Amino acid sequence: VGTLALNRLIQERVGHDERGPKVQLSDKMEARVGDKVIQLENDYSRNIFNGDTGKIIEIDLDEKGRAKLTHVDFGDQIVALE
């Protein structure tokens, strides 16, 4: 079992909303509002660091329906990611 398959199973079990907007995280992985995420690199300008976990709370779409901004609640702050 690979991590991508495992992530899909977890999304199905813990409230992944298939109807809402989605953000493409990689060529094989997408996320939606309610999904948990983990920061994989330090981002000093946003004060989020490798290993920080958060939950997607909102996805803003552009005029073509693609994700423009993804708002993630990291517990102590909400960060808008492009």
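Keep in mind that what you see is a predicted model, and the values were worked out from it rather than measured. Sequential numbering from 1 along the given sequence is applied to the chain's residues.
- Heavy atoms only, all atoms of each residue included: Ala80 and Arg46 are closest at O-NE, 3.6 Å.
- Closest approach of Leu81 to Val72, counting heavy atoms only: CD1-CG2, 4.0 Å.
- Atom CD1 of Ile56 sits about 5.5 Å away from atom CG of Asp35, to the nearest 0.5 Å.
- Residue pairs satisfying the salt bridge (Lys or Arg N to Asp or Glu O under 4.0 Å) criterion with at least one member in residues 55-64, sequence neighbours excluded, are listed as follows: Asp62-Arg66.
- Phe74 and Phe49 are assigned to two separate hydrophobic clusters, defined by single-linkage of ILVMFWY side chains at heavy-atom distances under 4.5 Å.
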**Request:** Carefully, step by step, assess His71 and Ile57 under the rule side chain to side chain contact (heavy atoms under 4.5 Å, CB included).
**Result:** CA-CA 6 Å; His71 302 271; Ile57 58 170; 4.0 Å; yes
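- Here CD1 of Ile59 is found 10.5 Å from CG of Leu69. Values are rounded to the nearest 0.5 Å.
- With hydrogens and angles disregarded, a donor-acceptor distance shorter than 3.5 Å links the side chain of Gln77 to the backbone of Asn47.
- With hydrogens and angles ignored, the 3.5 Å screen pairs no side-chain donor or acceptor of Asn42 with any backbone N or O of Tyr44.
- Ile78 and Ile48 are members of different hydrophobic clusters when ILVMFWY side chains are connected at heavy-atom separations under 4.5 Å.
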